[in-house]
Each structure stands twice: as structure tokens, then as C-alpha cells.
S.K.: 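Shown below is the structure under consideration.
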Amino acid sequence: MDNVMEFRNEPYTDFSVPANRQAMEQALRQVHSEFGREYQLRIASDWMGTGDLLQSLNPSNIREAVGVHHKATADLARRAVECAWSYFPQWSRTPAQQRAQMLLDAARILRRRKMEFDAWMVYEAGKSWIEAEADVSEAIDFCEYYAREMLRLAGPQNVIQLAGEQDELVYIPLGVGVVIPPWNFPLAILVGMTVAALVAGNTVVLKPSSETPTIAAKFAEVLLEAGFPEGSFTLLTGSGSAVGDVLVEHPKTRFVAFTGSRDVGLRINELAARAQPGQLWIKRVIAEMGGKDAIIVDANCDLDKAVEGVLVSAFGYQGQKCSACSRAIVDDKIYEPFLDKLAARAKQIKVGPSDDPANYMGPVISAGAQKTILAYIEAGKQEGRLVAGGGPAQGDGYFLPPTIIADVDSKARIFQEEIFGPVLAVTRARDFQHAIDLANDSEYGLTGAVFSNDPEHLRLAKEQFHVGNLYFNRKCTGAMVGAHPFGGFNMSGTDSKAGGPDYLLLFLQAKSIARKLS
Ligand code: NAP
């Protein structure tokens, strides 16, 4: 096993350095030359095509297919769970140190292929260079962090020793896990959930998002190269609505790790709760879901910093982050100056294809997403005052400009519902307590931020702002592994705190063993 150093976050590549910029341009050319390739499914050691194909398009230029993937059937989904079940005894008994070493090797391979993964993400998910770089860096962090966490949990645990006994507590894996990630962090979230399950000794059926299957296929190559046996995980590309229920309901599925929308998460939770014939356990569901995240801008704050914080939180990656700011709640005393500055800054944002680093915003993920977001913008025009954006943007992809709607009431749809696009509602607060009450007026509770120089207001927010990840005087996106364990309250999910010391326990069960000493 490698000599394991203290965990450090993966540094980001500085693209202002000419050599890095050229290397990224080269990676983009290389990845572009691989467009249109066909990818098969893999169950254990069987690679197979079903002939039912899924085209993954470049959202910046929808004439281009990034990859073509074979879609799984319900029968294949059943077979995937059975295969994972049959390999579980062998994988669960592989020493934790060996599993952790494989994960450190996976981190090394990802690091070696970092710009290639950046480039896949620019093309398949429409991320800007720097957003892609942050996503790949986070994926590396998850591998490094969970490898260390597994070593910690595989070591002796602190239990009281009763007189005349030898007492221990060991953590053992659960069984077969179904892992269902979203498209918006197509590497980081997929990697985090998958490798946490694997390093803990579970076997995995990974069903990637239909929007970003090529990135998933590329990561599957990394796991195999790092030594993870074919039996330890299956890559089951296909439509969630066609195979999701089969995977979740299968009696040999022991747990489901899901990240995605509220409605799908609730459905999974409900289906998993129903015991099936032959099922021996209560299924565990780890479900991280949507957000309607707010930033409070206090009267006493650095206004320019607040404007920048709201801007990057609302429009970075086109507002398609669960942590994105979709509500700015602003004290009456600074409401107009704040809005003027914010609208002026939003109008400077360049929107266009993500492979051009001059564009701060790329496309939204799909035609469906673009349509839904435009419908919310139309509703928003009735519910408030449009101050920036407001319609589609030009181009061959799914482009939308940053849109800001002011004077939005807390009962409005655009204040309450997750839009998942570059649309920000701005609402006026009478005072700080009113701002907190408005921020909490949501069924979600994922992230939030406060811009304030008033220590008493920050204390109040710490006590009352009900979100899983709270930030002061900074943006509400960009959680870092290790420093900001991530997960939300209420309908935002099960508060799993990914990238934190409690996360791996969700993929393990504890066994207490007491031995009477003679
Ligand atoms: P989604 O539509 O819920 O899809 C998520 C995953 O679920 C995809 O792999 C999807 O497969 C699959 N799926 C769809 N229907 C299913 C079913 N009936 N059974 C099982 N799986 C099914 O969400 P999304 O559009 O990919 O992602 C955006 C959402 O994720 C937003 O709500 C965002 O807030 C949330 N999110 C939350 C977090 C967090 O940490 N809280 C992080 C990121 C994103 P297909 O692609 O094949 O449909």
C-alpha cells in the first residue's frame, strides 16, 4: 500500500498560463476527434450492445453527437443486480487496504487524464473550462478522501472494554448498491457515490444519467485500469424511467445512492421502502435532491462583493447546480443600488459555446431544459419585473442569457420552485429577520449564503438559516471536499454530507463483537 499523506484538495489548472491553455486546446481537439464513437454496456465481463441507441449531443452544437450508447433493458437491469450479488462475497472480503489502494490508483489515473476529462465535460455537459476543471478536481478529491476514510474505518474503533471481555466494533459492507447520479456534476457526483460504495466493499450497479453517458464510460475505463475487478461494478447505461424501478425494487438491492431531482428521489424512497418477496433487509436510501438556494444581502455589507457573490452563484454553469443561488433576498435600504449593479454585471456576461473560454456561460443541458426554463421566465415576467435577459440567446445550442426578475413575492412560483437554469428572483426584505424568514420560506434547505458585516446578524443566521451548507461573505456554490461536507435539509435530501467524515458510514454497517476472556 502507498505511503498515504494527509489529504489535500486537488489544485486547479491555471488556464491563464499559455502552456496550460495550449494543452487544453489540444485535449479539446483530441476529444472532438473521438466524437460519435459507440459505447457498449458491460455487466461483469460481458460487453454487449442492445441496438437501442442513445445519442449524447453536444449542447453547444446539437448537430454533433459526443457519443452513442446502447441502452439497457429491464432484463439486463435484473441481470446486473444478480451479477453484482454473486460477486459481493469475493469483493467484500478483499482487504480494505487493497480496495483503498485501487482508489488511490484511480485518483492518479484521473490526474494523468485530467484535461481529457475536462474536455469531455466541456463538450458533453456544456461546462466552461474552469467549471469542468473544478468538477474533475472534485472527483479526484473524492477518490483521495474516501480512500483515507476507508483506512480509518477499517482500523480499530474506540469502544469501551468491559472487564473480562475483549470488545470490538468492525465496519462491514452492506451488499449490492444501485448508484444513480445526475448530469450536472457528471464526473464528481458519479465518482463520489460510486467509489464510496466500492471502497466500502459493496458491489455496484451504476446507472449514469442519459445526458452524460460518455463521461461515465470514460470513468469506467479508469476504474478497470486502477484494478477494480469487472465483477465489482457494472455500467448500465439506459433510461432511468425504463430501468430505474427494476433496479430499486430488486430484492437483492441492498441500498440506493441517488442524486437528482426531488420527484425522482421521492419515488425511489417510496419504492425502496416496500419489501419485495425474498428480500431480507430494509433498503437504505441515500438521496440528495433539489435546491432553491438563497443569498441574503444585508444593509451592512460590502456591496460589490455581494454583487459578485450572487452573480457567480446564480449564473456559474448556467445556474445548473443544486447549490446555485436562485433567490437574492436584499435589504430594502440597499435594494435599488444592489439591483442596478447586479443587472449591469449580468449584461456583461458572454454566452456561447463552452469550448471557447471567452464565454462565461455555455448552453443549458437539453432542449427539454431550455423549454422548461423559458416557461419559468415567462411566468416570472408576470410575477415580477424583468431587469436582465428574458428570452433565448442565439446559436446552434441550447443558449439562454442570464435572467434577473426583481420584486418577486415569496409566494411566486419562481421564488418557490427549482428552475435549474440561469434565472434569479430578487426579493425585498424589510430587515434582517424578515430576510431570514424569506430565505427559510421553502421546502428545500440545501445551501445559503449571507453577505453582512454585522456579527449579530451572522449569529442569527447561524442559528436560524435552515440549510445544510451555509456560507458567510462568499458564494453559495463550490463546496470543497473535506472542508464543506455537502448535503441538504428537508426536501433537499437525506443530508448525507458527501466529502465529510460521516459519509462512508452510509455505505457500511457496524458489527459489535464481544469475546469472553477466560
Ligand atoms: P433527475 O431527472 O432526477 O435524474 C437523476 C438520475 O435519475 C438520472 O440518472 C436519471 O436517469 C435517473 N432517473 C430518472 N428517472 C428515474 C426513475 N424513475 N428511477 C430511477 N432513476 C431515475 O435529475 P437531473 O436532471 O439529472 O439532475 C438535476 C437535479 O439534481 C436537480 O434537481 C438538482 O438540484 C439535483 N442535484 C442535487 C444535488 C445534491 O447534492 N443535492 C447535486 C446535483 C444535482 P435518466 O437520465 O436516464 O433519466
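When reading the values below, keep in mind they use all heavy atoms of this one structure, side chains included, and skip hydrogens, waters and symmetry mates. Read the numbers this way: they start at 1 and go in the same order the structure lists the ligands and their atoms. Nothing here was measured: the structure is a model prediction, and the numbers come from that model.
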S.K.: Is Asn61 reaching over with its side chain to a backbone N or O of Asp396, donor-acceptor style, under 3.5 angstrom?
M.R.: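 No, Asn61 side chain to Asp396 backbone: no donor-acceptor pair under 3.5 Å.
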S.K.: Side chain to side chain contact (heavy atoms under 4.5 Å, CB included) with Pro402: which residues, sequence neighbours excluded?
M.R.: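 Testing Pro402 for side chain to side chain contact (heavy atoms under 4.5 Å, CB included), a comparison that skips the adjacent residues, returns Phe315, Ala346, Ile349, Val351, Met361.
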S.K.: For atom 10 (C) of ligand 1, what's the nearest protein heavy-atom neighbour? Residue, atom name and distance, please.
M.R.: Lys207 NZ, 4.2 Å
S.K.: Name the option, out of Ser323, Cys322, Ser492, that contains the heavy atom nearest to atom 36 (N) of ligand 1.
M.R.: Cys322
S.K.: Looking at atom 4 (O) of ligand 1, tell me if a protein heavy atom falls under 4.0 Å from it.
M.R.: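 No, no protein heavy atom sits under 4.0 Å from atom 4 (O) of ligand 1.
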S.K.: Do Val222 and Val191 have side-chain heavy atoms sitting under 4.5 Å apart?
M.R.: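 The answer is no; the side chains never approach within 4.5 Å.
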S.K.: Would you indicate which of Gly260, Gly468, Pro181 comes nearest to atom 29 (C) of ligand 1 when only heavy atoms are counted?
M.R.: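 The residue whose heavy atom sits nearest atom 29 (C) of ligand 1 is Gly260.
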S.K.: Under 4.0 Å between a Lys/Arg side-chain N and an Asp/Glu carboxylate O for Lys321 and Glu131?
M.R.: yes
S.K.: Please state which part of Ala498 comes within less than 4.0 Å of ligand 1, counting heavy atoms only: side chain, backbone, both or neither.
M.R.: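 Neither part.
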S.K.: From the options Ile180, Thr259, Leu206, select the one whose nearest heavy atom is closest to atom 21 (N) of ligand 1.
M.R.: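 That would be Ile180.
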S.K.: Side-chain donor-acceptor pair under 3.5 Å between Ser496 and Thr494, yes or no?
M.R.: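 Per modelled atom types, Ser496 and Thr494 side chains form no pair under 3.5 Å.
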S.K.: Nearest heavy atom to atom 13 (N) of ligand 1 wins, so pick from Ser261, Gly238, Gly240.
M.R.: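 Result: the heavy atom closest to atom 13 (N) of ligand 1 is in Gly240.
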